[in-house]
Amino acid sequence: MLTINVALLLAVIVFIRLRRRTESRSRFDEKMTVVIVLALGVLLAPTPVGQGILNFLGQLASGVAQASR
């Protein structure tokens, strides 16, 4: 039986949607992209990958904040 990782599938969909030209997007298309990205974020957040991304972004923000002082 073939199983599909939903987070991976959503990541591919987001990548394909974001490669399209900006001028050809309707408001509905932009809203749908936002909903898909939010769903991807919800799926990734509790995983080790999501926690790693969160830690990385936290360290990056901390470094930028310290550098600006």
Supply the atom-to-atom distance [X] [atom1] to [Y] [atom2], rounded to the nearest 0.5 angstrom.
X: Asn5; Y: Leu43; atom1: CG; atom2: CG; value: 8.5 Å
X: Ile36; Y: Leu9; atom1: CD1; atom2: CG; value: 9.5 Å
X: Leu60; Y: Asn55; atom1: CG; atom2: CG; value: 12.5 Å
X: Thr33; Y: Leu38; atom1: OG1; atom2: CG; value: 11.0 Å
X: Arg17; Y: Glu30; atom1: CZ; atom2: CD; value: 10.0 Å
X: Ile13; Y: Leu18; atom1: CD1; atom2: CG; value: 11.5 Å

Checklist entry - In the single-linkage hydrophobic clustering (I, L, V, M, F, W, Y; side-chain heavy atoms under 4.5 Å), do Val37 and Val6 co-cluster? => result yes
Item to check | Cluster link Leu57 to Val49, ILVMFWY, side chain under 4.5 Å | outcome: yes
Item to check | Exam field: side chain Gln51 to backbone Pro46, donor-acceptor pair closer than 3.5 Å | outcome: no
Checklist entry - Taking Val12 as the fixed residue, which of Val14, Leu10, Ile16 is the one that meets the side-chain contact (heavy atoms from CB on, under 4.5 Å) rule? => result Ile16
